[in-house]
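Shown next, in C-alpha cells, is the structure this report addresses.
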Amino acid sequence: MLSIALKVPRHCQLASAAAAAAAAAAAAAAAAARRSFSSTVTTLQHPSSYIPEPVGNKIAFAFDIDGVLLRGKTAIPEAKPALELLAAHKVPWILLTNGGGKSERERVDELSHLLDFPIAEPQLVQAHTPFRALAQTYHRILVVGGDGDKCRRVAEEVYGFEDVVIPADVVRSDPSVWPFHRYSPEELATIARPKRLYEPESGEAKIDAVLVFNDPRDMGTDVQVVLDLLLSQHGYFGTRRDLHLTHNKNSQVSAPTINDLSIPSVPIYFCCNDLLWANNYRMPRFGQGMFRITIERLYAEMTHGAQLKTTVIGKPFEHTYRYAEQVLNDWRAKRFGGQAALGPEHTVFMVGDNPASDIMGANNYGWYSLLVRTGVFRDEDLATIVAQPKQILDNVKEAVEFGIAHGLQV
C-alpha cells in the first residue's frame, strides 16, 4: 500500500548565473542531439520484411498525456505511430498523468478512442489513483473537483471510500453557504445527495479529510466549502476553530503559534501540483496548482499568516513515481510473461512536456527524462526551467525512436 507523506518544501530558485550556465549546456546538448538524431535512429528504418527486435527486457516508457499524446481532445499526429513502434519492439509502457476527474476505466476507453490504439486499464496512473491507499484511513471525506459527481463515484465505487461528500451536497443542504454557486436546480436534485452536515453533537456529520481529485468546476463554491472545513472545529460544517486560543496536553490555555495554526482542522490532499497544462488553446492554461495556491493564500489571510500544511501527490513527487514503478512492473509481468522487476540495468524513459512535473520527477527518481516540444515547454523557456531534461525532442515519436535505439545498442 502506498504511503503518502507530507509535501516537501518547494524547490529553491537557482542562482541566475548557475541557471544560465546549465541552460547553455543543455542547449548545446540538445543541439548535438538534434544533429545526430537521424543517425542515432537509422537502425529503426528497416525494410517491411524486417522483424523488429524486442527490447522490452532492457527499456520501458512512461508517458504524460496532455501535451505529449493529446492536446485537448485531439491526438498529436505522432502519438499513434509512437505507440505502434513500442508494440512492434515489445516495449512495456504506462501512462503517468497529473490529470484525472474520472475512473481509470472511463479514461482508458476515451484514450483508446482518441488515439485509435488499444490501452489497458492497468497501464494508467492518474493523479488521484494513489488515493486508493487512503480508503481505509478516512471514513467520511469531502471530494473536490471534476464534472458532476464523477469523482464521488470514483472514490466510492472504484477506490472503496465509505462516505463521500461533494460541494454540491453542502449547497443542497444550505444554499447560502455560497449564494453565488453555479449549480442548477436540476443538478442539486440529481448529483447532490441529502447529507447530515450540521449536527456536531451527533458525531455523524464530521468530515475526516479533504481530497482534491481534479480542477474545480465551480471555483467560488469549492474555495468557500474547503476553507470552511479547514478552519472548522474538528471537521464540522458551520463551526469555526478558535484562532486565538489553543490547549496543550495538560489542558492549559495558551496563545496559538503560527505553527499551531498551520495545521488545518482536517487534512487536505491535492493530487496535482501543475500550475500550467496544455490543451488546444495557443497558450498553457492554469491547472490544479492554481487552486492549491488560492487555498493556501486565503488560509494565510484567515490565520494571521500561517502557512497551510498540505499533502501533495502526483508528479514530480517521489511517492507517485514509486507507485508508477510498481504499476509498470506489474504490467511488464502481465504483458510480457513475468519479467523481473525493473532494476539498475533497465532504463525507464519518462516522456513529458512539463519541466516542473515530468522532468523534475523523472530526474529525481533516476529515470531518463525526455522533454518534447508539443506541450507546455517552449525553447525560449530553456534558461529558466526548473529541471533540465536529458534530451529535448520535437515529439513523442522521436522520443520513442531515441529510446528504442538506446535499447538496441545496449
Side-chain angles (χ1 to χ4, degrees), residues 2-10 98 100-101 126-146 151-152 154-155 159 161-170 177-178 197 205-241 243 256 258-275 287-315 317 319-320:
L2 180 66
S3 175
I4 300 178
L6 283 176
K7 173 170 67 90
V8 298
R10 297 185 186 87
N98 271 354
Q126 298 192 104
H128 48 67
T129 303
F131 279 167
R132 293 175 186 265
L134 299 176
Q136 303 305 313
T137 302
Y138 299 117
H139 167 69
R140 188 184 230 199
I141 61 172
L142 176 76
V143 163
V144 179
C151 289
R152 187 210 313 259
V154 173
Y159 296 171
F161 285 95
E162 185 174 349
D163 189 357
V164 179
V165 177
I166 61 175
D169 302 336
V170 186
V177 68
W178 182 249
L197 299 175
K206 183 178 185 298
I207 302 292
D208 298 319
V210 177
L211 274 60
V212 183
F213 268 58
N214 200 234
D215 305 81
R217 301 305 195 264
D218 184 345
M219 178 71 82
T221 298
D222 291 355
V223 167
Q224 183 69 75
V225 168
V226 169
L227 263 297
D228 280 350
L229 269 182
L230 299 182
L231 296 169
S232 68
Q233 185 73 17
H234 306 305
Y236 291 100
F237 280 110
T239 66
R240 179 59 54 91
R241 66 188 289 188
L243 299 178
I258 291 296
N259 287 335
D260 294 328
L261 295 178
S262 68
I263 302 173
S265 296
V266 299
I268 181 168
Y269 295 79
F270 296 91
C271 67
C272 171
N273 203 42
D274 288 355
L275 180 62
Q288 192 186 126
M290 177 189 68
F291 184 62
R292 177 189 57 77
I293 292 169
T294 301
I295 293 296
E296 290 178 348
R297 187 70 187 91
L298 290 173
Y299 187 89
E301 287 288 331
M302 297 294 292
T303 57
H304 319 296
Q307 183 176 352
L308 175 65
K309 290 189 176 181
T310 66
T311 298
V312 184
I313 66 170
K315 297 175 293 185
F317 299 107
H319 35 62
T320 288

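All values derive from a computational prediction rather than experimental measurement.
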Rounded to the nearest 0.5 Å, what separates atom [atom1] in [X] from atom [atom2] in [Y]?
{"X": "Leu134", "Y": "Thr311", "atom1": "CG", "atom2": "OG1", "value": "8.5 Å"}
{"X": "Lys315", "Y": "Thr320", "atom1": "NZ", "atom2": "OG1", "value": "9.5 Å"}
{"X": "Leu197", "Y": "Ile207", "atom1": "CG", "atom2": "CD1", "value": "6.5 Å"}
{"X": "Asp260", "Y": "Thr303", "atom1": "CG", "atom2": "OG1", "value": "11.5 Å"}
{"X": "Ile313", "Y": "Phe270", "atom1": "CD1", "atom2": "CZ", "value": "12.0 Å"}
{"X": "Thr294", "Y": "Met219", "atom1": "OG1", "atom2": "CE", "value": "5.5 Å"}

Is it the case that the side chain of [X] and the backbone of [Y] share a donor-acceptor pair, with hydrogens and angles ignored and the cut-off at 3.5 Å?
{"X": "Asp208", "Y": "His139", "answer": "yes"}
{"X": "Asn273", "Y": "Gly289", "answer": "no"}
{"X": "His128", "Y": "Gly101", "answer": "yes"}

Could I get the full list of side chain to side chain contact (heavy atoms under 4.5 Å, CB included) partners for Cys151, not counting sequence neighbours?
->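 Cys151: side chain to side chain contact (heavy atoms under 4.5 Å, CB included) contacts with Val143, Phe213, Asn214.
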So, do [X] and [Y] sit near enough that their side-chain heavy atoms are less than 4.5 Å apart?
{"X": "Leu261", "Y": "Arg241", "result": "yes"}
{"X": "Cys271", "Y": "Thr129", "result": "no"}
{"X": "Arg240", "Y": "Asp228", "result": "yes"}
{"X": "Val226", "Y": "Phe291", "result": "yes"}
{"X": "Pro267", "Y": "Tyr138", "result": "yes"}
{"X": "Val154", "Y": "Phe131", "result": "no"}

Give me the atom names and distance for the closest heavy-atom approach of [X] to [Y].
{"X": "Ala135", "Y": "Phe161", "result": "CA-CE2, 3.4 Å"}
{"X": "His319", "Y": "Val312", "result": "CE1-O, 3.4 Å"}
{"X": "Gln288", "Y": "Asp215", "result": "N-OD2, 2.8 Å"}
{"X": "Leu229", "Y": "Ser232", "result": "O-OG, 2.7 Å"}
{"X": "Gln224", "Y": "Val177", "result": "CG-O, 3.4 Å"}
{"X": "Ile263", "Y": "Tyr299", "result": "O-OH, 3.7 Å"}

Looking at Asp222, Thr221, Val223, Leu227, which hits side-chain contact (heavy atoms from CB on, under 4.5 Å) with Val225?
->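 Per the side-chain contact (heavy atoms from CB on, under 4.5 Å) rule, the option paired with Val225 is Thr221, out of Asp222, Thr221, Val223, Leu227.
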Could you go through the side-chain contact (heavy atoms from CB on, under 4.5 Å) check for Leu230 and Met302 one step at a time?
-> CA-CA 11 Å; Leu230 299 182; Met302 297 294 292; over 6 Å; no
Could you please spell out the steps behind the side-chain contact (heavy atoms from CB on, under 4.5 Å) verdict for Arg140 and Val164?
-> CA-CA 6 Å; Arg140 188 184 230 199; Val164 179; over 6 Å; no
